[in-house]
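Just below is one structure, and these are the notes that go with it.
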Amino acid sequence: MAYWLMKSEPDVYSIDDLKRDNTELWDGVRNYQARNFLTSMAVGDLAFFYHSNTKPPGIVGLMDVVETQVVDPTQFDSASPYYDPKSSPEQPRWHTVTVGYKETFAPGITLDQMKAAFTPEDLWVVRRGNRLSVMPVADAVAARLLAMARGQDKP
DNA sequence: GCCAACGTTGGC
DNA sequence: GCCAACGTTGGC
């Protein structure tokens with residue numbers, strides 16, 4: 001079982017939206033490195049939900065991978081911002097996963113806290129200029145993140 | 001196949 | 001709103 005970190009802008013899709021929907025197709029990833037991480041996910045993997053482009057940015061919850069190798073339907077939709085004219089249903093370029101809601105961290109783990117606790121080598125999201133929206137998280141790092149979240153859970 | 005221009009991401 | 005980082009595109 002592997003751990004991941006997946007970014008979303010809360011104005012577009014937030015942890016509260018996922019809690020409401022219970023499961024969600026993670027569509028719109030159009031970066032090959034991120035896609036390759038998506039296609040290497042397995043059912044049962046856990047992923048930290050990261051809110052980007054918000055104040056403060058950070059990890060806000062946990063989800064699990066419930067379905068893998070899903071063809072992202074937005075690549076065929078010419079009305080979608082994620083439309084890819086070079087893709088076809090016969091040869092789709094973009095596969096993704098369906099995620100399920102697990103829990104919300106209240107409060108979350110802010111980017112500042114992560115910068116204080118981890119090196120850029122340990123946790124890619126603290127790398128300067130990092131733009132990757134899906135990335136792996138090592139088991140030991142995931143365990144520390146979960147401990148940080150659990151510790152903050154208590155009033 | 002190089003690389004400048006351009007567009008996007010995302011923290012601040 | 002600014003701008004650094006960096007991936008992609010397209011001319012050559």
Side-chain angles (χ1 to χ4, degrees), chain A residues 2-21 24-41 45-65 68-99 101-138 140-142 144-149 151-152:
Chain A
Y3 288 95
W4 307 91
L5 183 148
M6 298 164 77
K7 294 182 186 173
S8 179
E9 300 188 20
D11 289 349
V12 177
Y13 198 80
S14 71
I15 187 76
D16 290 338
D17 294 327
L18 181 59
K19 183 175 185 179
R20 177 198 64 212
D21 298 339
E24 177 72 2
L25 179 71
W26 203 268
D27 60 10
V29 172
R30 292 294 178 269
N31 169 285
Y32 286 103
Q33 193 179 3
R35 183 206 59 182
N36 293 343
F37 287 134
L38 285 170
T39 57
S40 65
M41 290 182 183
D45 283 359
L46 294 174
F48 294 97
F49 195 130
Y50 179 94
H51 278 179
S52 64
N53 253 321
T54 190
K55 289 177 76 170
I59 288 171
V60 292
L62 191 68
M63 50 197 172
D64 61 349
V65 176
T68 59
Q69 314 303 334
V70 185
V71 174
D72 183 343
T74 61
Q75 66 193 303
F76 310 126
D77 177 3
S78 60
S80 167
Y82 306 124
Y83 176 59
D84 184 350
K86 294 173 186 162
S87 190
S88 69
E90 295 75 29
Q91 295 255 310
R93 291 182 152 200
W94 305 104
H95 292 75
T96 186
V97 299
T98 302
V99 294
Y101 176 80
K102 292 286 281 186
E103 66 177 289
T104 301
F105 298 152
I109 309 168
T110 66
L111 180 59
D112 280 347
Q113 289 174 289
M114 286 186 267
K115 283 178 175 172
F118 300 99
T119 65
E121 291 74 30
D122 283 342
L123 185 60
W124 296 3
V125 79
V126 307
R127 289 181 187 180
R128 177 174 166 84
N130 165 66
R131 290 167 50 190
L132 192 62
S133 65
V134 178
M135 64 192 75
V137 177
V141 175
R144 287 181 61 195
L145 286 169
L146 288 170
M148 288 166 76
Q152 290 168 2

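Each chain gets a letter, A, B and so on, in the order the sequences are listed, and its residues count up from 1. Values in this document were obtained by computation on a predicted structure and should not be read as measured data.
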Could you state the atom-to-atom distance from CG of Asp112(A) to P of dG10(B) in whole Å?
17 Å
For Arg93(A) and dT8(C), give me the distance from atom CZ to atom C1', rounded to whole Å.
12 Å
Does a nitrogen or oxygen in the side chain of Lys7(A) sit under 4.0 Å from OP1 or OP2 of dG10(B)?
yes
Could you tell me how far apart Arg30(A) (CZ) and dC6(C) (P) are, to the nearest whole angstrom?
23 Å
Starting at atom NZ of Lys86(A), determine the distance to atom C1' of dT9(C), rounded to an integer number of angstrom.
8 Å
Can you tell me which nucleotide in dG11(B), dT9(C), dA5(C) comes closest to the side chain of Arg131(A)?
dA5(C)
Does Tyr32(A) place a side-chain N or O at less than 4.0 Å from the phosphate oxygens OP1/OP2 of dC6(C)?
no
Let me know the distance between CG of Leu111(A) and P of dT9(B), rounded to the nearest Å.
18 Å
If the condition is side-chain hydrogen bond (donor to acceptor under 3.5 Å, both in side chains), which residues does Ser87(A) pass it with, not counting sequence neighbours?
Gln75(A)
Testing Asp84(A), Thr74(A), Asn31(A) for side-chain hydrogen bond (donor to acceptor under 3.5 Å, both in side chains) with Trp94(A), which one passes?
Asp84(A)
Is there a donor-acceptor contact under 3.5 Å linking the side chains of Asp17(A) and Ser14(A)?
yes
Do Arg35(A) and Val134(A) touch side chain to side chain, with heavy atoms closer than 4.5 Å?
no
Length of the CD-C1' vector between Glu9(A) and dT8(B), whole Å:
10 Å
Of Gln33(A) and Asn53(A), whose nearest nucleotide on DNA chain C comes first from the 5' end?
Asn53(A)
Nearest-angstrom distance from the residue atom NZ of Lys55(A) to P of dG10(B)
18 Å
Find the distance Asn31(A):CG to dT9(B):P and express it as a whole number of Å.
10 Å
